[in-house]
Amino acid sequence: MHLDVQDLRNFYYRSALGRAAQKSLRGRMLELWPEAKGQTVAGYGFAVPLLRPYLQDARRVMALMPGPQGVMPWPAGQANVSALIEETMWPIETGHVDKLVVMHGLETSDRPQDLLEECWRVLGPGGKALFIVPNRAGLWSRRDRTPFGYGRPYSASQLETQLRTHQFLPERHVGALYQFPSGKRVWMKSAAMFEGVGRAVPGMIAGGAFMVEATKLVYPPKGKSSRARKRASVLEGLTEPVAKPV
């Protein structure tokens, strides 16, 4: 079940908790990917809160938003780079993306296997994807007042296993959202302390989300190759018609 784009926008841009979450997630992403100079960067789901640092130096930035979620123009005050798409058929040529950020997309998709195949398709050889999902052991996945309380939360091992099945090589993972998922003043004042402690001792405190950086392997996903063979067998009967007796 996809969230509505208006709810996502209101959370990340119009609430104190959402802006704090945006800061935490973006900071962790920049630790992994400090720049994308001359590269093509795409975000799927609702990744726009994290993409702004790449607008200046990247060759191209694209914000892809699935139909059931809806789309909003982004970035504000600049030429729009967001597009409404079908979640498993992206309007991007194969192998044209260098970096891909997936947030609020995988855990809410009804077709996660097909979505991962599409992620694999658009990445170039050696391209990298960053998957951001709710941590099933964290507090954020247990509160439906934030976007991380919807969809299927993951453990790190579950996500990495799923990525390997689709010919991604998980390389690094980090936690984020160590603050309490509440907009109350007492918790917001202590947010910086929780974030600092959580990053220093991630094994002791479960973050609300985690990020897995994965590299595209060069051979095609198993599901994609099997479907291709099935389509070819259907077309064979059309190219070789059988004559009927008169």
Side-chain angles (χ1 to χ4, degrees), residues 2-15 17-67 69-87 90-93 95-109 115-116 118-124 127-134 146-148 151 168 172-177 208-216:
H2 289 277
L3 292 167
D4 187 85
V5 69
Q6 297 293 340
D7 295 331
L8 291 164
R9 181 177 65 176
N10 290 341
F11 175 75
Y12 280 107
Y13 294 103
R14 298 179 181 177
S15 73
L17 180 61
R19 289 190 291 270
Q22 181 180 160
K23 181 179 179 181
S24 175
L25 294 164
R26 185 188 293 174
R28 294 301 263 171
M29 181 191 71
L30 291 176
E31 291 176 14
L32 299 174
W33 294 351
E35 55 82 28
K37 187 174 182 180
Q39 298 180 334
T40 296
V41 180
Y44 173 78
F46 196 78
V48 290
L50 310 187
L51 298 181
R52 185 171 289 275
Y54 302 130
L55 284 172
Q56 183 174 355
D57 296 328
R59 183 169 66 90
R60 187 178 184 186
V61 175
M62 297 174 284
L64 310 174
M65 302 189 186
Q69 169 189 293
V71 67
M72 74 175 195
W74 184 87
Q78 301 183 39
N80 178 59
V81 300
S82 64
L84 186 69
I85 65 166
E86 204 284 319
E87 66 174 337
W90 300 358
I92 301 175
E93 293 184 16
H96 273 53
V97 174
D98 299 298
K99 285 185 167 68
L100 172 65
V101 181
V102 178
M103 184 168 79
H104 301 311
L106 183 61
E107 73 273 16
T108 57
S109 175
L115 176 59
L116 286 173
E118 192 69 356
C119 293
W120 185 93
R121 182 188 69 80
V122 301
L123 283 170
K128 294 184 180 295
L130 188 64
F131 295 92
I132 304 169
V133 296
T146 80
F148 292 91
F168 284 100
R172 295 183 288 179
H173 70 270
V174 297
L177 301 181
F210 61 86
M211 307 176 174
V212 173
E213 179 195 42
T215 301
K216 173 182 176 174

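Hydrogens, waters and symmetry mates are skipped; everything else that's a heavy atom, side chains included, is used. No experiment lies behind these values; they were computed from the predicted model shown.
- At least one donor-acceptor pair closer than 3.5 Å links the side chain of Arg28 to the backbone N or O of Gly175.
- For the pair Leu115 and Leu106, the minimum side-chain heavy-atom distance is below 4.5 Å.
- Atoms CG and NZ, from Leu100 and Lys216 in turn, are 11.0 Å apart once rounded to the nearest 0.5 Å.
- With a 4.5 Å cut-off on side-chain heavy atoms, His173 and Met211 do not count as touching.
- Looking only at side-chain heavy atoms (C-beta outward), Phe168 and Thr215 stay at 4.5 Å or farther from each other.
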Pair His104-Tyr12, ring pair (Phe, Tyr, Trp, His ring centres under 6.0 Å): steps then yes or no: CA-CA 12 Å; His104 301 311; Tyr12 280 107; 5.7 Å; yes
Worked check of side-chain contact (heavy atoms from CB on, under 4.5 Å) between Val102 and Cys119: CA-CA 9 Å; Val102 178; Cys119 293; 4.1 Å; yes
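- A heavy-atom distance below 4.5 Å is found between the side chains of Thr146 and Leu17.
- Here the CG atom belonging to Asp4 is positioned 11.5 Å from the CE atom belonging to Met72, to the nearest 0.5 angstrom.
- Taking the salt bridge (charged side-chain N to carboxylate O under 4.0 Å, His left out) definition, one finds that Arg172 meets it with Glu213, sequence neighbours left out.
- The line from CD of Glu87 to CD of Glu118 is 10.5 Å long, rounded to the nearest 0.5 Å.
- The distance from the NE2 atom of His2 to the CG atom of Leu8 is 11.0 Å, given to the nearest 0.5 Å.
- For the side chain to side chain contact (heavy atoms under 4.5 Å, CB included) with Pro75, the lone residue among Asn80, Leu55, Val61 that qualifies is Leu55.
- In this structure a side-chain-to-backbone donor-acceptor pair under 3.5 Å is missing from Thr108 to Gly151.
- Closest approach of Ser82 to Met65, counting heavy atoms only: CB-CE, 4.2 Å.
- Counting only heavy atoms from C-beta outward, the side chains of Lys128 and Trp33 approach each other to under 4.5 Å.
- Between Pro66 and Glu86, the closest side-chain pair of non-hydrogen atoms is not below 4.5 Å.
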Full working for side-chain contact (heavy atoms from CB on, under 4.5 Å) between Met29 and Ile132: CA-CA 10 Å; Met29 181 191 71; Ile132 304 169; 5.7 Å; no
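- Counting heavy atoms from C-beta on, the side chains of Leu30 and Pro53 come closer than 4.5 Å.
- Rounded to the nearest 0.5 angstrom, Arg52 CZ and Gln78 CD are separated by 6.0 Å.
- Donor-acceptor pairing under 3.5 Å is lacking for the side chains of Arg19 and Gln22.
- Taking CZ of Arg121 as the start and CD1 of Ile92 as the end, the distance is 7.5 Å to the nearest 0.5 Å.
- Val81 places a side-chain heavy atom less than 4.5 Å from the side chain of Trp74.
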Using a 3.5 Å cut-off and no angle test, enumerate the donor-acceptor pairs between side-chain atoms of residues 37-51 and protein atoms at least two apart in sequence or in another chain.
{"from": "Gln39", "atom 1": "OE1", "to": "Lys99", "atom 2": "NZ", "distance (Å)": "2.6"}
{"from": "Thr40", "atom 1": "OG1", "to": "Arg59", "atom 2": "NH2", "distance (Å)": "2.7"}

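- For Arg26, the CZ atom sits in a packed shell: over 12 heavy atoms of surrounding residues, nucleotides or ligands are nearer than 6.0 Å.
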